[in-house]
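The block underneath contains the structure these notes are about, expressed in C-alpha cells.
Labels below follow one simple rule: chain letters A, B, ... track the order of the sequence lines, proteins then strands, and each chain is numbered from 1. Heavy-atom basis, side chains included; hydrogens, waters and symmetry copies ignored.
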Amino acid sequence: MSEPYYITTAISYPNGRPHIGHAYEAIAADAIARFHRMAGRDVRFQTGTDEHGLKMAQTARDRGITARALCDEMSSYFKVMCDTLHISYDRFIRTTDDDHKIACQALWKGMVARGDIYLGRYEGWYSVRDEAFYDEKELTKGEGEQRLSPQGTPVEWTVEESWFFRLSAYQDKLLELYRSHPEFIQPESRRNEVIRFVEGGLSDLSVSRTSFDWGIAVPDSPGHVMYVWVDALTNYLTGIGYPALDGTLGRFWPADVHVIGKDIVRFHAVYWPAFLMSADVPLPKQVFGHGFLLHKGEKMSKSVGNVVDPIELASVFGVDQLRYFLLREVSFGQDGSYSEDAIVTRCNADLANNLGNLAQRSLSMIAKNCGGKVPQPHDASAADTALLAGIAAVEQVARQHMMGGQYAIHHALQAIWEQMSLTNQYFAEQQPWAVRKTDPARADTILYYTAEAIRQLAILARWVMPVSCDKLLDILAQSPDARDFAALGQQLEPGIDLPPPAPIFPRLELAADAKAD
RNA sequence: GGGCCUGUAGCUCAAUGGUUAGAGCAGGCCGCUCAUAACGGCUUGGUUGGGGGUUCGAGUCCCUCCGGGCCUACCA
C-alpha cells in the first residue's frame, strides 16, 4: 500500500454562511490533497464544521429550534459549498458526530491521566443576558460604575468553576519542538510569532465551561462541557479513528499538514501539540497558516458589504476558474487580493488564451486534417524533443514546490504555465498549417507532439482544475486511469479516435455592474 | 511599549552580497491566419518608499525615518 498522507482544513464555525475565505482554504487544501493523490500517495483529506458552543445554542434558541437542527442546517451550507467547489474530502466531519464525542473524551482522559487537568476557577466579566464572558477591553462604561458588554447589557465580575489544562508546563517542550522541527510551523513569519508568544510565558488554559451545555460533556464532571479548543482540535483525531490509532485509519496519524488560517495558528501550534504531548499522541508534522483574502486590498467585512458568496462567484466565472485564480494569483501563505476584474484578466490570459486556445487550435486541425485520429508521428526534430523535455522537467519542479513542505502552489502553477507558453511558441514556430501544404508527414508530427504536450499539461494542471482537465483528457480519448502523474510517461497512442474538440475555457467577461466600481 | 512581516514597472510578483534589477498581465508596433479578436516577435515602462552607513560591489547587510499589515504586552 502506498505511503499515507493526511491533510486537514480547519473546521468552520457555521454561525453564518460560508464566505470566500472558507472557500479559499478548502480549495487550497483540496489542491494539495489532489496533487499528492496524483503523485501516488494514499491521501486522506478532512474538512468539516465546528458546531458546539454558546453562539450556536443562542441562535437556535432565538430561532426557536433545537441546536441540533440549527447545526444540521448551517453545516449543510458548508458541505454544499465544498461539493460545489469539488472539494475531494474523504470525510466531512461534524463535531456533533457520535464518534467525535468518544475521541474528545478519550483525549481528555489522556490529559487527566498525565495529571495536566485540574479544577480551578474562571473569572471574568460576565453578562447574564448574553450568557457570555467579555474581556475588559470590550466593555464600555454605562450609568455610574456599571460596565456594559458590546451588546449594551450589564456585566458583573463572575467566578465560574472550570477545568484547566496545565499549558504552563509545556513551554520548554514546545520551544524544543519549534527548534528541532522548524518545518512544524509555516510560513516562517508565523513561526517567529509563535516562538515569541511561547517565550513570553504560557498561562494555564481554561478548557471547560458550565455556563452552557451545548458541547461535549467532560468525563465524570456533571455540568461541565469542553470549551472550544479541546473539542474543535480533536476533530483531526476523530477522523482517523482515535482512540483506536491501530485501526485501519490510524496509519494516517500523525497528520502531514493542518491547513489553517493565520488567525488560528496559535491554537494549532501551541495548544494542540501541548494537548497531544499530554495525552501521549504523536504530533502532526506541520501546521500551515495561510493568509487572508482581501477584496481589492481591503479587508472583507459584513459592514463594508464586500463579503462575497463563493458559490455565486463560481457560478459566474466557473468552479475551475475560481480555483485556478485563487491558487495562481495568491502567494500561498501570504495575504492575497482578489477582484472580479482580476479573475477575468487572469482566467482569460492563462486559461482561455493560453491553454484553451492552444488545445482548440491544434485539436481542430487534427479533426480536420487527420481524420479525427491521433496523427502518426515521424522522425522527431530537435524542437519536438525539446518540447517534451521541458514538460518532463516541470513535473519535478512542481513536485519540489508541492511536496517539499512549503506548498508553493503559485510557483508550481507558474512553472506549469510557462510550459504552456512554450508550447504555444512551438506551435507558432512550426506552423503546421503552412507545413501541411508541402510536407503532410511533418505536419502530422507537429500535431502529434502538440497533442502529446497538451495531454501532459492537462495532467499537470488537473489537481487545480479537475473537471476542466478531465474534459481536455476526454477530448484526447484518455482513459480515466491514465490521468495521474504516473501516466505522464505513457505517450499518446497514434491512430486512436478522438471525439470532436470543443472549447473548454470560455473567455470571461466582466459583468456591467462590476465594471462600474 | 516589545516583536514579526512588508514596500521593486500601471497591476501581480522574481532576483545564494556579484555583469546592464527580471517575468507575466496591461499598453504600443509588427507578423500570422490553424485557433476562443486568440497565437508569435519586437517594444515602452524603474531614483528598488526616503535618507545615511558597511563593502571593491547593496534590491539584498546595518542604522534611521515614512507608509501598509499583523502578533503581543501594558496603562487606563
Side-chain angles (χ1 to χ4, degrees), chain A residues 135-137 139-141 147 185-203 261-267 269-270 289-294 296-299 321 325-339 341-370 375 408-411 413-437 443-444 446-447 450-451 454 468 472 501-510:
Chain A
D135 196 276
E136 180 92 42
K137 288 178 203 158
L139 302 178
T140 53
K141 292 243 171 73
R147 292 161 193 267
I185 309 169
Q186 288 294 320
E188 197 66 27
S189 62
R190 298 295 148 207
R191 179 167 175 267
N192 293 340
E193 281 177 8
V194 168
I195 289 173
R196 278 296 179 185
F197 175 76
V198 174
E199 281 175 348
L202 296 171
S203 320
K262 63 181 185 180
D263 55 330
I264 52 174
V265 166
R266 192 199 309 163
F267 309 119
V270 181
H290 62 74
F292 286 161
L293 280 185
L294 309 174
K296 295 180 183 175
E298 284 184 355
K299 216 178 267 188
Q321 281 80 359
F325 172 81
L326 291 175
L327 297 176
R328 175 64 186 85
E329 190 88 357
V330 179
S331 292
F332 193 55
Q334 292 179 249
D335 287 353
S337 188
Y338 84 95
S339 66
D341 185 64
I343 295 173
V344 169
T345 302
R346 173 63 76 177
C347 288
N348 281 344
D350 291 3
L351 302 183
N353 299 352
N354 197 339
L355 175 57
N357 184 55
L358 171 68
Q360 186 60 18
R361 67 197 297 212
S362 55
L363 295 178
S364 62
M365 277 189 81
I366 289 174
K368 286 175 197 162
N369 298 300
C370 307
I409 301 174
H410 54 297
H411 283 143
L413 291 179
Q414 183 178 23
I416 293 165
W417 256 259
E418 273 169 18
Q419 294 303 315
M420 293 184 191
S421 294
L422 289 174
T423 307
N424 264 310
Q425 258 174 57
Y426 165 86
F427 199 77
E429 281 166 11
Q430 299 301 318
Q431 304 182 50
W433 58 91
V435 171
R436 178 155 300 282
K437 294 169 188 163
D444 279 358
I446 296 164
L447 290 176
T450 305
I454 292 169
S468 303
L472 204 43
I504 291 173
F505 298 103
R507 282 184 65 80
L508 303 180
E509 282 182 30
L510 202 52

Whole-Å [atom1] distance, [N] and [M]:
N      : M      : atom1 : answer
G24(B) : C39(B) : C1'   : 16 Å
G10(B) : C5(B)  : C1'   : 25 Å
U44(B) : G28(B) : P     : 15 Å
A14(B) : G7(B)  : P     : 8 Å
C65(B) : G57(B) : P     : 26 Å
U6(B)  : C13(B) : P     : 13 Å
G45(B) : A9(B)  : P     : 14 Å
U43(B) : C25(B) : C1'   : 15 Å

For [X] versus [Y], what's the shortest heavy-atom pair and its separation?
X         : Y         : value
Pro187(A) : Gly333(A) : CG-O, 3.9 Å
Ile185(A) : Ala269(A) : CD1-CB, 3.6 Å
Leu508(A) : Cys347(A) : CD1-CB, 3.5 Å
Gln360(A) : Ala502(A) : OE1-C, 3.4 Å
Thr423(A) : Gln419(A) : OG1-O, 2.7 Å
Pro506(A) : Ile504(A) : CD-O, 3.3 Å

Give the intermediate values and the outcome of side chain to side chain contact (heavy atoms under 4.5 Å, CB included) for residues Phe427(A) and Leu447(A). CA-CA 8 Å; Phe427(A) 199 77; Leu447(A) 290 176; 3.9 Å; yes
Remember a base hit wins even if backbone is also touched, and classify Ile504(A) as base, sugar-phosphate or nothing at under 4.0 Å, heavy atoms. base
When you check the gap from the basic side-chain N to the acidic O, do Arg196(A) and Glu199(A) get nearer than 4.0 Å? yes
Within the 4.0 Å limit for protein heavy atoms, which parts of nucleotides 1-13 of chain B are touched? Write it as a string from 5' to 3', B for base, S for sugar-phosphate only, - for none. --SSS------S-
Atom-pair distance ([atom1] on [X]; [atom2] on [N]), nearest Å:
X         : N      : atom1 : atom2 : value
Asn348(A) : A37(B) : CG    : P     : 11 Å
Glu429(A) : G41(B) : CD    : C1'   : 10 Å
Gln425(A) : A23(B) : CD    : C1'   : 13 Å
Gln419(A) : G24(B) : CD    : P     : 14 Å
Arg507(A) : C25(B) : CZ    : C1'   : 13 Å
Leu508(A) : C25(B) : CG    : P     : 16 Å
Trp417(A) : C25(B) : CH2   : C1'   : 15 Å

Do Arg507(A) and Val344(A) make a side-chain contact, defined as non-hydrogen atoms from C-beta onward lying under 4.5 Å apart? no
Any side-chain heavy-atom pair of Leu351(A) and Arg346(A) under 4.5 Å: no
Is the side chain of His410(A) donor-acceptor paired with the backbone N or O of Phe332(A) at a distance under 3.5 Å, no angle test? yes
Determine whether a donor-acceptor pair (N or O, by modelled atom type, separation under 3.5 Å) exists between the side chain of Asn354(A) and the backbone of Ala349(A). no
Dot-bracket for RNA chain B, please, read 5' to 3', with Watson-Crick or G-U wobble pairs under 3.5 Å on both distances, ( ) within the strand, [ ] crossing, | other strand, . unpaired. (((((((..((((....[...)))).(((((.......))))).....(((((..]....))))))))))))....
For Thr345(A) and Val194(A), find the nucleotide of RNA chain B closest to each by heavy atoms; which residue's nucleotide sits nearer the 5' end? Thr345(A)
Asp350(A) or Leu422(A): which one's nearest nucleotide on RNA chain B is closer to the 5' end? Asp350(A)
Contact list (N/O, under 3.5 angstrom) for nucleotides 32-35 of chain B vs protein:
from	atom 1	to	atom 2	distance (Å)
C34(B)	O2'	Arg361(A)	O	3.1
C34(B)	O2	Arg361(A)	NE	3.0
C34(B)	N3	Arg361(A)	NH2	2.5
C34(B)	N4	Arg361(A)	NH2	3.3
A35(B)	OP1	Lys368(A)	NZ	2.7
A35(B)	O2'	Asn357(A)	OD1	2.3
A35(B)	N1	Arg361(A)	NH2	3.4
A35(B)	N3	Asn357(A)	ND2	3.2
A35(B)	N3	Arg361(A)	NE	3.1

Determine whether Phe197(A) and Leu202(A) satisfy the following criterion, side chain to side chain contact (heavy atoms under 4.5 Å, CB included), listing intermediate values before the conclusion. CA-CA 8 Å; Phe197(A) 175 76; Leu202(A) 296 171; 3.7 Å; yes
